[in-house]
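Encoded as structure tokens, the structure appears first; notes follow it.
Throughout, protein chains are lettered first and strands after them, A, B, ... in sequence-line order, and every chain is numbered starting at 1. As the structure is a computational prediction, the values presented were derived from the model and not from experiment.
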Number of protein chains: 2
Amino acid sequence: MSSESLTSRLGYLLKHAQQRLALMNSAALKPHGIDGRELAILLVLADHEQESQQQAAGRLGIDRTTMVAFLDTLERKGLVTRRAHADDRRKNIVELTEIGREVLRNATEAADAAERDFLTPLSPRQGEQLKAALLAVIESS
Amino acid sequence: MSSESLTSRLGYLLKHAQQRLALMNSAALKPHGIDGRELAILLVLADHEQESQQQAAGRLGIDRTTMVAFLDTLERKGLVTRRAHADDRRKNIVELTEIGREVLRNATEAADAAERDFLTPLSPRQGEQLKAALLAVIESS
DNA sequence: TATTGTTATACTCTATAACTATA
DNA sequence: TATAGTTATAGAGTATAACAATA
């Protein structure tokens with residue numbers, strides 16, 4: 001029998017699991033004044049200092065024109081700064097501010113708590129197996 | 001250590017796994033002339049005949065105004081028909097046509113093949129465990 | 001009055017094209 | 001000429017508000 005109901009299809013399960021975690025993440029991050037994508041940007045910036053905003057955008061898989069608006073927002077919130085690259089003044093080096101680092105720390109902890117909450121129905125081992133399985137199917141590029 | 005890189009976060013893994021399967025699904029469905037959401041609609045219609053289009057929209061979690069455009073497209077493709085409900089002429093009963101049933105059959109097989117392809121890096125048992133884990137975290141409403 | 005389907009409209013998100021300043 | 005950042009604009013996708021038909 002190839003015919004199965006929608007709600008048992010893998011695509012449905014993945015999409016709804018993703019949406020549910022995104023919702024929980026969003027709620028957990030709200031007190032810290034950022035959303036999920038902003039946290040992703042802060043994580044990339046913290047992991048790769050001294051990179052141009054276009055390089056950071058590339059890591060995040062978002063367009064450089066979209067990156068401009070995101071950084072505008074984060075800069076307005078005082079979480080990042082832009083400064084011209086010393087050797088190539090066309091490039092902007094984007095860095096976290098002190099406040100940015102603190103928000104990143106607290107927001108990451110909140111997101112971690114949301115993940116643990118999300119994984120409650122699973123045993124710790126099953127949670128690890130879920131992450132390992134997702135990593136495996138992603139990397140089979 | 002709470003700080004981890006973006007690409008090892010559960011949210012990132014779920015989102016990218018979902019996107020990858022959606023891409024493979026889209027490619028597999030293309031020869032059958034429908035996309036993933038249209039397949040979802042056909043599946044719901046096949047599973048719940050004699051329902052109004054608003055009831056079907058509810059099952060899919062999409063707005064009734066959005067449903068109108070989707071059904072317009074599917075009707076134009078000859079896959080579904082609308083007819084007034086006998087007892088309540090405000091309602092539209094939506095049904096699959098013969099062609100609609102055949103497209104659903106073939107498209108479902110193609111989507112099944114895409115899922116198997118997607119799960120290639122995992123053992124059959126691991127694939128089942130992945131689906132079970134996703135179902136568990138979704139249902140813990 | 002309330003509900004179903006529909007239409008018109010607005011809003012969000014993102015990408016494309018064109019501009020500037022640097023190289 | 002080419003590239004980084006920016007801006008203006010357009011497109012996809014979806015939701016909100018208003019309307020006609022029916023209950």
**Prompt:** Hey, is the main chain of A:Ile93 close enough, under 3.5 Å, to the side chain of A:Glu51 for a donor-acceptor pair?
**Reply:** no

**Asked** A:Leu60, A:Val68: one ILVMFWY side-chain cluster at the under-4.5 Å cut-off?
**Response** no

**Request:** Determine yes or no for a side-chain-to-main-chain donor-acceptor pair under 3.5 angstrom, with A:Asp88 supplying the side chain and A:Arg90 the backbone.
**Result:** yes

**Prompt:** How many Å lie between NZ on A:Lys91 and P on D:dT6, as a whole number?
**Reply:** 15 Å

**Worked verdict on B:Asp47 versus B:Arg59 for salt bridge (Lys or Arg N to Asp or Glu O under 4.0 Å)** = CA-CA 11 Å; B:Asp47 255 27; B:Arg59 290 186 190 281; over 6 Å; no

**Asked** B:Val80 versus B:Phe70: any side-chain heavy-atom pair under 4.5 Å?
**Response** no

**Message:** Under 4.0 Å, heavy atom to any atom of DNA chain D: which of residues 71-78 of chain A qualify?
**Reply:** none

**Request:** Would you indicate whether A:Glu49, at its atom CD, is surrounded by more than 12 heavy atoms from other residues, nucleotides or ligands within a distance under 6.0 Å?
**Result:** yes

**Message:** Once you apply a heavy-atom cut-off of 4.0 Å, does B:Arg64 come out as touching a base, just sugar-phosphate, or nothing?
**Reply:** base

**Request:** Determine whether A:Leu39 and A:Ile99 fall in the same hydrophobic cluster, where Ile, Leu, Val, Met, Phe, Trp and Tyr are linked whenever their side-chain heavy atoms lie under 4.5 Å apart.
**Result:** yes

**Request:** Any chance you could measure B:Leu6, atom CG, to A:Leu45, atom CG, to the nearest 0.5 Å?
**Result:** 10.5 Å

**Prompt:** How would nucleotides 8-16 of chain D be written as a contact map, 5' to 3', with B for base contact, S for sugar-phosphate-only contact and - for no contact, using protein heavy atoms under 4.0 Å?
**Reply:** -----SSBB

**Request:** With sequence neighbours excluded, tell me which residues meet side-chain hydrogen bond (donor to acceptor under 3.5 Å, both in side chains) with A:Asp72.
**Result:** A:Arg82

**Prompt:** Between B:Gln126 and A:Gln129, is any side-chain donor less than 3.5 angstrom from a side-chain acceptor?
**Reply:** no

**Message:** Using side-chain heavy atoms (C-beta onward) and a distance below 4.5 Å, is B:Leu74 in contact with B:Val94?
**Reply:** no

**Asked** How would you list all residue pairs meeting side chain to side chain donor-acceptor pair (under 3.5 Å) that involve residues 18-30 of chain B, not counting sequence neighbours?
**Response** A:Ser140-B:Arg20

**Request:** Look at A:Gln55 and D:dA4 and indicate whether a side-chain polar atom (N or O) is within less than 4.0 Å of OP1 or OP2.
**Result:** no

**Message:** Does any part of the side chain of B:Leu71, heavy atoms only, come nearer than 4.5 Å to the side chain of B:Asn92, both counted from C-beta?
**Reply:** no

Could you go over nucleotides 20-23 of chain D and give all protein N or O partners under 3.5 Å, atom names and distances?
residue : atom : partner : partner atom : Å
D:dA23  : OP1  : B:Arg89 : N            : 2.9

**Request:** Extract, from 5' to 3' on DNA chain C, the first and final nucleotides lying under 4.0 angstrom from some heavy atom of chain B.
**Result:** C:dA2 to C:dT7

